[in-house]
Number of protein chains: 2
Amino acid sequence: MSPRRVTLADVAKIAGVSPTTASLVLSGRGRELRISQDVEQRVLKAAAELQYRPNIVSVGLRTGTTRTIGFVSDTIATSRLAGDMIKGALEAARERGFMLFIGETEGDPELERLLLQAMHDRQVDGLILAAMYTRTIRVPKVMGAAPAVLLNALPKQRSPLPSVLPDEVEAGRRAARVLLDAGHREGIHLVGAGPGRRDVPPGGSVAAVERLIGIREVLGEAGVKVAGGHVCADWQPEYGLAATRALLEGARPRALICFNDRIALGAYQALDDFGLKVPGDVSVVSFDDHPIAAWMRPKLTTVALPHYELGRKAVDVLFAEMGRDGDDAVQEGAVREGEVREGEVHRVPMPVRLRESVAAATP
Amino acid sequence: MSPRRVTLADVAKIAGVSPTTASLVLSGRGRELRISQDVEQRVLKAAAELQYRPNIVSVGLRTGTTRTIGFVSDTIATSRLAGDMIKGALEAARERGFMLFIGETEGDPELERLLLQAMHDRQVDGLILAAMYTRTIRVPKVMGAAPAVLLNALPKQRSPLPSVLPDEVEAGRRAARVLLDAGHREGIHLVGAGPGRRDVPPGGSVAAVERLIGIREVLGEAGVKVAGGHVCADWQPEYGLAATRALLEGARPRALICFNDRIALGAYQALDDFGLKVPGDVSVVSFDDHPIAAWMRPKLTTVALPHYELGRKAVDVLFAEMGRDGDDAVQEGAVREGEVREGEVHRVPMPVRLRESVAAATP
DNA sequence: CTGTTAGCGCCTTCAC
DNA sequence: GTGAAGGCGCTAACAG
């Protein structure tokens, strides 16, 4: 059916040289080995005419490198968030001539093992293990086989794998500053978690813990006291609605820091039910920049999860990891003796999206 | 660093047989060639002990098959829709032991060519070319190299490639029937396209054309006249808002068929502005089942785009295509002489999600 | 029934 | 400067 692929041998034959010579020229090492201009031109010409493309499978077998990286996440479709992460990874990889294998574990450890195996069988050069929601994960043993990076996740046990995460603490600080900058100093309520440092939903949500730290830090330093906090068992609109309703029955908030946009959606609803206007009566700031944030009315000011950047960063870190192969660790600057390089954590900034839900505080 | 992978030769040596024999046993063809139980057991045992896994790259080089399929779409991250499509494809592929390469062209033909090349270089066994929004696409020449399927897209020129698409015409019929079943026969307005068969937004939107056909067909057959129709240049909330406002200034609709959920979001807003209640005053039915549909208040009744199923179906069709390799076309039933098998179109049903935005018509 | 030989396409010694 | 030989891991012919 389809004509046989053109091989290096074909090119060599047309150019009238040996496969070796052709290989040398095409891999760019012809110059340093001082292959004659004439030969070089002939090879290049033949390759162009035949539209020669190296067979990566063959190269893979020979060299062990497939210019491919595996991306395994627990869920890919749940939201556009994962899509953006993959998109970032995809583009960063493509820029270096790498392709991505995508796999989805659905939270099933056995499936995860299978997927990782399948990728390993295909000789991937590196692996990215991603979580949909920032959290700690158990790192499967198979991961040792190739350079790897944790994306949006922290290893549950000690692990030498680097990880890439959104900078949630700084995000918390930024959310708090948005309110402070608008002059709010009183009646600030937290919805989703807080007010105490331990008041977080069950499930080990990294986001809850860290956002709370940032918020409390900035507010605390400004001498502002949090007026109230309400843990939501699940960060869904209905929980935000219920929590905000409960809050409104006993207090008159001037500003809300919602722990994510879905909670904020519920909060808007509760505020509306009580005849309160956003941002006139109550300012609202939130986290995630879920697509819905820009559709809400008024549009929600929120600190965005940088999914695209997370994906890119994971690939960058992975390449650094792959390049580290034979490198001398001493290169890395002041590495003290006996110090084990392990589990560097890379934080990606979360940008504030200033929209319409925060107004200046009226004294 | 990492211990060398265990190879077939290792297994053979431990089992005390030749690599060929080991290969035969492990590929399951030992039985038919009547290899002794003893040898079979020894090989199996050795393989298990060593945790042998065949190197797919090597198999790929030898047999030309890599158990890998390429999935190229114009956008992956724009919405969760694409994510679901990929998820469906991923799962269907995994069930058959295949992995997916993902690529994204961003609508750039050159990039598309590069991506397809890169996949071809990696010897993919098949290709899925997907579009984010249903539309006609130019099929790149490179596609001839491997079995391929068009997903959510129709070829612009004649092409032998099969395609998989949502059944938009039937979706249109279903939307219309939802209204009819609720007793609506008057004051039905279309928002996004219509009322005439040619009243569609520019850009060759397949969805607009086909949904309109289905709607007109069912309404027509029931003897119901469309009260009005409003083309929206872009199917975004603000356009739905504007169109519905314009409509409300001159008419008093009883039901709206919005051409997608984002338009419906705008329509809700306009209705609210005019003090009209959904569904008490006006029923609304829509298309897509965008995540926002379930969040709107009242929850939107809509005909869902079956992204997950589309992805699965594409893989199914692709496998059929790959299996067709040496098959005699005559197998395919009544294929008439001289008839060229080309471009079969597979339609995937769009299910109605009955929610809260449609009420019985009050006479 | 099992082993030997060969080769998929490429790259990497090593000779010339 | 260039070519010949070998091997990555596996399987398809062919021997025995």
Side-chain angles (χ1 to χ4, degrees), chain A residues 2-44 46-47 50-68 120-125, chain B residues 2-44 46-47 50-68 120-123 125 326:
Chain A
S2 50
R4 194 182 54 73
R5 274 187 70 106
V6 357
T7 77
L8 186 60
D10 298 330
V11 174
K13 196 190 299 176
I14 297 284
V17 300
S18 79
T20 311
T21 308
S23 173
L24 257 23
V25 171
L26 293 173
S27 63
R29 281 175 311 162
R31 311 315 279 262
E32 71 191 50
L33 292 183
R34 285 186 268 170
I35 283 190
S36 71
Q37 300 288 345
D38 175 45
V39 166
E40 173 168 337
Q41 286 312 312
R42 292 213 312 272
V43 171
L44 258 20
L50 298 178
Q51 302 213 66
Y52 167 73
R53 316 215 81 224
N55 181 331
I56 296 195
V57 174
S58 177
V59 175
L61 181 57
R62 182 64 243 254
T63 67
T65 174
T66 52
R67 305 187 73 72
T68 297
H120 191 208
D121 291 348
R122 272 155 243 247
Q123 307 263 70
V124 295
D125 297 327
Chain B
S2 49
R4 196 179 54 75
R5 271 187 75 103
V6 357
T7 77
L8 186 61
D10 299 329
V11 175
K13 195 190 299 175
I14 300 283
V17 299
S18 79
T20 310
T21 307
S23 172
L24 256 25
V25 170
L26 293 173
S27 63
R29 281 176 312 165
R31 309 316 278 263
E32 71 193 49
L33 292 183
R34 284 184 272 173
I35 284 191
S36 71
Q37 301 287 347
D38 176 43
V39 167
E40 173 166 337
Q41 288 310 316
R42 292 210 314 271
V43 171
L44 257 20
L50 298 179
Q51 302 212 66
Y52 168 72
R53 316 216 79 224
N55 181 331
I56 296 196
V57 174
S58 176
V59 176
L61 182 57
R62 184 63 242 241
T63 67
T65 176
T66 52
R67 305 187 73 74
T68 297
H120 192 209
D121 292 347
R122 283 166 178 81
Q123 307 264 66
D125 297 328

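Residue numbers begin at 1 in each chain, while the letters A, B, ... track the order of the sequences. Quick caveat, the model's predicted, so the values are computed rather than measured.
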Could you tell me whether the side chain of [Y] reaches within less than 4.5 Å of the side chain of [X], counting heavy atoms only?
{"X": "A:Arg42", "Y": "A:Val39", "value": "yes"}
{"X": "A:Asp121", "Y": "B:Val57", "value": "no"}
{"X": "B:Val43", "Y": "B:Ile35", "value": "no"}
{"X": "A:Asn55", "Y": "A:Thr7", "value": "no"}

Please check if the number of heavy atoms outside A:Glu32 that lie under 6.0 Å from its CD is greater than 12. yes

Rounding to a whole Å, what distance do you find between [X]:[atom1] and [N]:[atom2]?
{"X": "A:His120", "N": "D:dG9", "atom1": "NE2", "atom2": "P", "answer": "12 Å"}
{"X": "A:Lys13", "N": "D:dG3", "atom1": "NZ", "atom2": "C1'", "answer": "16 Å"}
{"X": "B:Leu26", "N": "C:dT2", "atom1": "CG", "atom2": "P", "answer": "14 Å"}
{"X": "A:Gln123", "N": "D:dC8", "atom1": "CD", "atom2": "C1'", "answer": "10 Å"}
{"X": "A:Leu33", "N": "D:dG3", "atom1": "CG", "atom2": "C1'", "answer": "13 Å"}

Report yes or no: does B:Thr66 contribute a side-chain atom to a donor-acceptor pair with the main-chain N or O of B:Gln123 at less than 3.5 Å? yes

Where the side chain of B:Arg5 meets the backbone of B:Arg53, is there a donor-acceptor pair that is under 3.5 Å apart? yes

What string of B, S and - do you get for nucleotides 9-16 of chain C 5' to 3' if you count protein non-hydrogen atoms under 4.0 Å? BBBB----

Taking five pairs at each end, how big is the angle between the two axes of the helix from C:dC1-D:dG16 to C:dC16-D:dG1, to 10°? 50°

Classify the nucleic acid contact of B:Val39 as base, sugar-phosphate or nothing, counting any heavy atom under 4.0 Å across all strands shown. sugar-phosphate

Assess the side chains of A:Arg122 and B:Thr68: does a donor N or O sit below 3.5 Å from an acceptor N or O? yes

